[in-house]
Undergrad: 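This is the structure I have questions about; it appears just below.
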2 protein chains.
Amino acid sequence: MDPSDIEPALQATPFLPPIRADAPLLTDEQRMRLAAIATRIRVQPREVVYREESAARSVFIIAEGVVKAFKDMPSGKRWVTAFLYPADVFGLAENGLYVRTAQAVTQALLYRFDVNVLIETLKSDGELQFKFLCKLTHELREAQRQTIAIGRKDAIGKLAMFFRQLQREPGASRDIDLPMTRSDIASYLGLSLESVSRATRALERRGVVCFPNRHMVRIIDPPQFERIESTM
Amino acid sequence: MDPSDIEPALQATPFLPPIRADAPLLTDEQRMRLAAIATRIRVQPREVVYREESAARSVFIIAEGVVKAFKDMPSGKRWVTAFLYPADVFGLAENGLYVRTAQAVTQALLYRFDVNVLIETLKSDGELQFKFLCKLTHELREAQRQTIAIGRKDAIGKLAMFFRQLQREPGASRDIDLPMTRSDIASYLGLSLESVSRATRALERRGVVCFPNRHMVRIIDPPQFERIESTM
DNA sequence: CGCTAGATTGATAAAGGTCAATCATTGTGG
DNA sequence: CCACAATGATTGACCTTTATCAATCTAGCG
C-alpha cells in the first residue's frame, strides 16, 4: 500500500491558490511526524469513541470509515451535528471536555493523538500547525454551508444539498454512498424521519435520483438536481 | 486607555482548563506583535469591507463594532451567516477568494492584516499560531451551535437561542444589544421578517422579555426564558 | 422462518410563509 | 420647525408545508 494512504491525512481547501483543492494537505514528512505520535485504533459500527462532557484526552483523525457527532437534547431528541469522513479531525475539546458524543457509523480506523503531545508538536512545527489551521478554517466554512442547508424550509432542497455535501469532490461519481440511516439524516437536517422519507420518494418519483439500495443514491438528472439545490 | 484594550484581541474558550473562559487569549506581547503588522481601519455603518468572490488579500480582527457576513443567493434572498463582534476574526479566504460579503452593521474599528504577512508571522511563532487555532476551534463550535438554533422549527425558540448567543458571556447583564435589523435576524435564523416580528411580540406578550427600544432586549423572566430556549 | 430495527405511507393539525395593508422612526428639504 | 419621504417593523388573512400519530411494510439476521 502507498504510504501516503496509511499515514494520517487532512483534507482542506487552503487559503491561497494555486494548490489544487484535492491535493493532499500534508507532506509525507508531516504525515510521518504525526504517525509517530499517534495510536491507530479500530472501532466497530455503533461503537462510541467518546461521550459528551467527558474529559477530552485525545484528538482524532479519520483514516477510514465514517463517524457521527451528536448531542442529546433535554427533550430526548438527538441532534447530529456532523458526519466525519477520512481526513477529518474531531474531538477538539472545549475547556477540557468533549462537546458532542462521537459514534462510529461504519467500521472505522482512527488515529488517536494525546492532546498535550499534539499541542506541543504543533507549537514546535509552524508549518504543520498551519496545516491544522487551514483544516479548521475549511471545517468552519463547511459548518456554515451546512447551516445554509439546514436553514432552508423545503425538505427536498435540504436533502439535495445534503447529498451534494456528501459528494465530497465536485464532479465526482453520480453515485453517493449513504452510510447513515434516514433517521440520522433527519436529525442532521432538522427534519422528521417521515419528511426525509417523503422527500427521498419525491426526488425519486420526479426522476431526479434513484436508490439502487437504501445506502446509495444515484443522481440521474444532474441539471434538475442542481435546479432543486439552488432554488430557494 | 489600557493598552490591552487597543491592541488586537481574540476571544475563545481554549481546549484545556483551568484558564477562565473570559480571560484574554493573547498575551500583551502577542498583541503587540500583531499590532506591528496590522493597519487600523475605521468603517461606517453599511460600509462593505469586502465582497464575496473578490481576491482575498486581508484578514481582519474586530476591535470595536459589529460586522455581518452574508451571501446573496440566486433567488435574490440573502443569507446572513455570521454576526462578528470585537475579538472575532474574519476574512479567511478559500482558494484566494472571499466566500462571503462583509458589511459593517455599526461603525467599527478593524485591524487589517496582509494575509501573506500574517501567515508568515504565525508560522514563525508557534505559540501565537496556537492562539489562532484555538480561536478557529471556538468559531467552529459556535457555528455548530448556530446550526442547532437554525434547525429548530419554532420561531420563538430560535429567537431565544439567538438572543442567548448575543449575550456573549453567560450570566452577563439582562440587557442585550441588537445592533442589527429584524430583517438581518430573519435572514440569519432562516425565518421570514414577519415571523421574527411575531415571535418578538409573542415573547413580549408572555412577559419573558421586553424591548426598551428596537435595538435592545431585556430578559425579564430568566427561568421561563431558559425553558423556552431548551424546550425542543 | 419469524423477529426487530429501520423505512414507508396516510390522515390530521399546527406553524410559518406569503401577500397586502398599516404603523413607526428617522432624516431631509422646504 | 414642520411636512413628507423612505426604510424598517407590525399586524391580519389566507395558504402551503411539515410535524405528529398511527398503521404498515421491508430487509437483515439469528
Side-chain angles (χ1 to χ4, degrees), chain A residues 44-46 68 73 75-80 103 105-107 149-162 178-206 209-217 228 231-232, chain B residues 44-46 68 73 75-80 103 105-107 149-162 178-206 209-217 228 231-232:
Chain A
Q44 297 307 314
R46 293 161 179 275
K68 66 180 175 182
M73 306 309 282
S75 68
K77 283 196 176 162
R78 171 168 290 183
W79 270 106
V80 174
Q103 184 182 28
V105 172
T106 65
Q107 179 173 277
I150 288 165
R152 294 185 66 152
K153 305 266 90 81
D154 58 319
I156 292 166
K158 279 188 176 185
L159 205 63
M161 290 188 81
F162 176 69
L178 302 174
M180 65 293 291
T181 65
R182 298 284 187 273
S183 189
D184 283 336
I185 296 173
S187 52
Y188 179 82
L189 292 177
L191 292 172
S192 66
L193 164 60
E194 295 91 329
S195 287
V196 171
S197 190
R198 280 186 253 268
T200 57
R201 296 285 291 117
L203 281 174
E204 204 174 16
R205 232 181 301 111
R206 294 188 199 175
V209 303
C210 68
F211 295 87
N213 64 66
R214 277 196 186 138
H215 291 294
M216 169 91 55
V217 57
I228 291 170
T231 298
M232 57 182 301
Chain B
Q44 296 307 312
R46 293 163 179 273
K68 66 179 174 183
M73 308 308 284
S75 67
K77 283 197 177 161
R78 173 168 290 183
W79 269 108
V80 175
Q103 184 182 28
V105 172
T106 64
Q107 180 174 275
I150 288 165
R152 293 185 67 152
K153 306 265 92 83
D154 58 319
I156 293 167
K158 279 188 176 185
L159 205 63
M161 289 188 80
F162 176 69
L178 302 174
M180 65 293 291
T181 66
R182 297 284 187 272
S183 190
D184 283 336
I185 296 173
S187 52
Y188 178 82
L189 292 178
L191 292 172
S192 66
L193 164 61
E194 294 92 330
S195 286
V196 171
S197 189
R198 280 186 255 266
T200 57
R201 298 284 292 116
L203 281 174
E204 204 173 16
R205 231 180 302 111
R206 295 189 198 176
V209 303
C210 68
F211 295 85
N213 65 65
R214 275 195 186 137
H215 290 293
M216 169 90 57
V217 55
I228 290 169
T231 297
M232 57 184 299

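Here is how names work: the chains are called A, B, and so on, in the same order as the sequence lines, proteins then strands, and each is numbered from 1. Computed from a prediction, not measured in an experiment: that's the story for all the values here.
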Undergrad: Kindly write out the residues that satisfy salt bridge (Lys or Arg N to Asp or Glu O under 4.0 Å) with B:R201, not counting sequence neighbours, or none if the list is empty.
TA: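 B:R201: salt bridge (Lys or Arg N to Asp or Glu O under 4.0 Å) contacts with B:E204.
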Undergrad: Please give me the minimum heavy-atom distance between B:P179 and B:T106, naming the atom from each residue.
TA: CB-CG2, 3.7 Å
Undergrad: Could you go through the side-chain contact (heavy atoms from CB on, under 4.5 Å) check for B:D154 and B:T231 one step at a time?
TA: CA-CA 10 Å; B:D154 58 319; B:T231 297; over 6 Å; no
Undergrad: Provide, to the nearest angstrom, the distance between the CG atom belonging to A:L203 and the C1' atom belonging to C:dT8.
TA: 15 Å
Undergrad: Please report the distance, rounded to the nearest Å, between CZ in B:F211 and P in C:dA24.
TA: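 Value for this atom pair: 17 Å.
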Undergrad: Quick one: which protein N/O atoms are closer than 3.5 Å to N/O atoms of nucleotides 2-4 of chain C? Pair and distance per line, please.
TA:
none

Undergrad: Strictly below 4.0 Å: does B:R201 bring a side-chain N or O up to OP1 or OP2 of D:dT10?
TA: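 For D:dT10, neither OP1 nor OP2 has a side-chain N or O of B:R201 closer than 4.0 Å.
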Undergrad: Show the distances under 3.5 angstrom between N or O atoms of the protein and N or O atoms of nucleotides 15-22 of chain D.
TA:
| residue | atom | partner | partner atom | Å |
| --- | --- | --- | --- | --- |
| D:dT18 | OP1 | A:A155 | N | 2.7 |
| D:dA19 | OP1 | A:S192 | N | 3.2 |
| D:dA19 | OP2 | A:S192 | N | 3.4 |
| D:dA19 | OP2 | A:S192 | OG | 2.9 |
| D:dA19 | OP2 | A:S195 | OG | 2.1 |
| D:dT20 | OP1 | A:K77 | NZ | 3.4 |
| D:dT20 | O4 | A:R198 | NH2 | 2.7 |
| D:dC21 | N4 | A:E194 | OE2 | 3.0 |

Undergrad: How long is the line joining CE of B:M180 and C1' of D:dA9, in whole Å?
TA: 16 Å
Undergrad: Which heavy atom of A:L178 sits nearest to which heavy atom of A:H215, and what is that distance?
TA: O-ND1, 2.6 Å
Undergrad: Considering only C:dG6, C:dT8, D:dG8, which nucleotide approaches the side chain of A:R46 most closely?
TA: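 Closest nucleotide among those given: C:dG6.
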Undergrad: When rounded to the nearest 0.5 angstrom, what is the spacing between CD1 in A:I156 and CE in A:M161?
TA: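 Between A:I156 CD1 and A:M161 CE, I get 14.5 Å after rounding to 0.5 Å.
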Undergrad: Send over the distance from A:R182 CZ to C:dT9 C1', rounded to a whole Å.
TA: 15 Å
Undergrad: According to side chain to side chain donor-acceptor pair (under 3.5 Å), who are the partners of B:R78, at least two apart in sequence or on a separate chain?
TA: B:D72
Undergrad: What closest approach, in Å, do A:Y188 and A:I150 show between heavy atoms, and which atom pair accounts for it?
TA: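 Smallest interatomic distance, heavy atoms only, reads O-CD1, 3.2 Å.
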Undergrad: If you restrict it to nitrogen or oxygen atoms, what contacts under 3.5 Å exist between nucleotides 25-30 of chain D and the protein, and what is each distance?
TA:
none

Undergrad: Looking at B:Q44 and B:Q107, what are the two nearest heavy atoms and their distance?
TA: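 Looks like OE1-OE1, 3.2 Å.
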Undergrad: So do B:L159 and B:I185 actually touch side chain to side chain, heavy atoms under 4.5 Å?
TA: yes
Undergrad: If you apply the rule side-chain contact (heavy atoms from CB on, under 4.5 Å), what do you find for A:L203 with A:V217, and how did you get there?
TA: CA-CA 11 Å; A:L203 281 174; A:V217 57; over 6 Å; no
Undergrad: Heavy atoms only: give me the nearest B:K158-B:R152 pair and the separation to one decimal.
TA: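 B:K158 and B:R152 have their closest heavy atoms at CE-O, 2.8 Å.
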Undergrad: So for the helix from C:dC1-D:dG30 to C:dG30-D:dC1, with five pairs setting each end axis, what is the inter-axis angle to 10°?
TA: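 Here the helix ends are tilted 30° relative to one another.
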Undergrad: Donor-acceptor pairs are to be reported for all side-chain atoms of residues 190-198 of chain B against protein atoms at under 3.5 Å, with residues two or more places apart or in another chain.
TA:
| residue | atom | partner | partner atom | Å |
| --- | --- | --- | --- | --- |
| B:S192 | OG | B:S195 | N | 3.1 |
| B:S192 | OG | B:S195 | OG | 3.2 |

Undergrad: Apply salt bridge (Lys or Arg N to Asp or Glu O under 4.0 Å) to A:K68 and list each qualifying residue two or more places apart in sequence or on a separate chain.
TA: A:D184
Undergrad: For B:L159 and C:dA15, give me the distance from atom CG to atom C1', rounded to whole Å.
TA: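 So the CG-C1' distance, B:L159 to C:dA15, works out to 15 Å.
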